[in-house]
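To start, the structure itself, in structure tokens.
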Amino acid sequence: MGTYHSTRSRTLACSSKDAIRRGLAPDGGLFVSDELGEKKLDVAGLADLSYHQIARTVLGLLLDDYTDAEVAACVDEAYTGTFASPEVTPLVGLDHAPDGGAVPTFVLELFHGPTSAFKDVALQMLPRLMARTGTAEGEAAQKIMIVTATSGDTGKAALAGFADAPGTGITVFYPEGKVSRVQELQMSTQEGGNVAVCGVRGNFDDAQSAVKRIFGDRELAKRLAERGVVLSSANSINVGRLVPQVVYYFAAYAQLLRSGAIQPGDAVEFCVPTGNFGDILAGYYAQRLGLPVARLDVASDRNNVLIDFLKTGAYDRRREFFTTTSPSMDILISSNLERMLYYVSGGDEALVASLMTDLSNEGCYQVPEELHRGIRALFDGGWASEEQVASAIKHCWDENGYVIDPHTACGFHVLEELPAAEGARARVLLSTASPYKFPRAVAGALDLDVPADDFACMDVLARATGTVPPRQLAELSEKPVRFADVEDIDQLGAYVEQAAARL
Ligand SMILES: *Cc1c(COP(=O)(O)O)cnc(C)c1O
């Protein structure tokens, strides 16, 4: 039984629980369900629903083998007492539309979770979903060990989500000396009996490759299985990370209805800072589930591979990689795009498989003209240079008295540049991180002093803007460091094994 299968073939169907437990399909494709959008959500009734109620409805539609009680329990555990706002993802109006037009513009703040970045919305939920995937028939009960390499943000959000989650453990590797001080402290001070954090001598790609080797190591898998442990990943291609992100598009619409900014049925444009195409793909899912979406705007930083793709229909990763002030969007292989190609091509798994073969063999692919037209009908977008990111932060502050982080600033820039979508009654910019996660870039953009110490810089920002740093960031400088391990690349498998032995 099951409605999920790979984007690259239909042969192996599985349930949503299996898809979440496995993460990636055996042929390297991503799990999708052809039932997406068969059942719609009642948009007119949204105004009366809380975030929790919307989450229960959306999860129930997309993860059909979870019982209502399971879904309700997951939602309660993930979003009660974990986000610093009763709305979970509050919507804030801007005084001035960035493009100077008449369509009112709002910011959807996705960063009120435990690590102050939008990944919390999904990573608070994924462990609860995983804990309820059970065990395949005939198998002994297993614990899941999550292994993740991180360039900064994902690692902390995954740690916070999986800390003390029943039946799971988590090991995070980060490149030593190559994450910010705030990011390093966020990870090294992580509490929880099932967590392990380790610096790696090397860069992020080294750590990522080592983690891939760990997943491919059959001997290691066998030894872990004897202890009742199976490895898994918290990567953003997991269905269990995608589905929770669909919820906040509906939650934004509900808040617009409640404030009277729109009437039921009015179309809304969403502008989304994007790297791996996960966040914006969730908006496409919301549209398929019946949300009136006027347009989805892809916002990139200087790594603008997606914008070139939108323009030409050619995806080409053979280009220079830039390190920017928006590190979480510094990505050249945008994995979740594969799901969009699958759906917009009408479920053409053979086409997707051949495009992905081109990508891995040649580093590029070209989509057929008809598919390109289909994509352009749904998506537009743009990208911001480093200078444009800084001026977007400055403009937003000068015009609205509202501080945004460099990732969100890419989206603000796109909203300045692009006229509102036809028929849009509101524009919503998804804000993916608290400005206090990147205090140096933000203070610099606002022409403030930029002290060398991140925490001193947070103080400067707070005083100058009258805003308050999230407590969990401000108090980091005083939290005890629990992990100071640093390992060579070839020792990471052994490190995971030791961590598994402690589970
Ligand atoms: C991960 C991340 C993004 C990009 O999200 P995708 O799902 O990869 O598109 C944008 N902003 C921040 C702050 C992030 O952490």
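Here, residue 1 is the first one in the sequence, and each next residue gets the next number. Counting convention: from 1, in listed order, for ligands and their atoms alike. Nothing here was measured: the structure is a model prediction, and the numbers come from that model.
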Plane angle bin for Tyr79 and Tyr51 - parallel if under 30°, tilted between 30 and 60°, otherwise perpendicular: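 Because their plane-to-plane angle is over 60°, the rings of Tyr51 and Tyr79 count as perpendicular.
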
task: For the residue pair Tyr248 and Phe118, categorise the inter-ring angle as parallel (less than 30°), tilted (30 to 60°) or perpendicular (more than 60°).
output: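 Tyr248 vs Phe118 ring planes: perpendicular.
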
Q | ligand 1: protein residues within heavy-atom distance under 4.0 Å | A |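 Contacts of ligand 1 under 4.0 Å: Phe118, Lys119, Asp153, Pro273, Thr274, Gly275, Asn276, Phe277, Gly278, Asp279, Ser328, Met329, His407, Thr432, Ala433.
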
Lys437 and Thr115: which non-hydrogen atoms are nearest, and at how many Å?
->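 Heavy atoms only, the tightest pair is NZ-O, 3.4 Å.
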
Does atom NZ of Lys212 have more than 12 heavy-atom neighbours, drawn from other residues, nucleotides or ligands, at distances under 6.0 Å?
no

- Item | Exercise: do Arg339 and Asn336 side chains pair donor with acceptor under 3.5 Å |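 Yes, side-chain donor-acceptor contact under 3.5 Å.
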
| message | When you compare the side chain of Val32 with that of Tyr343, does any pair of heavy atoms fall below 4.5 Å? | response |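 Heavy-atom side-chain distance check passes, below 4.5 Å.
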
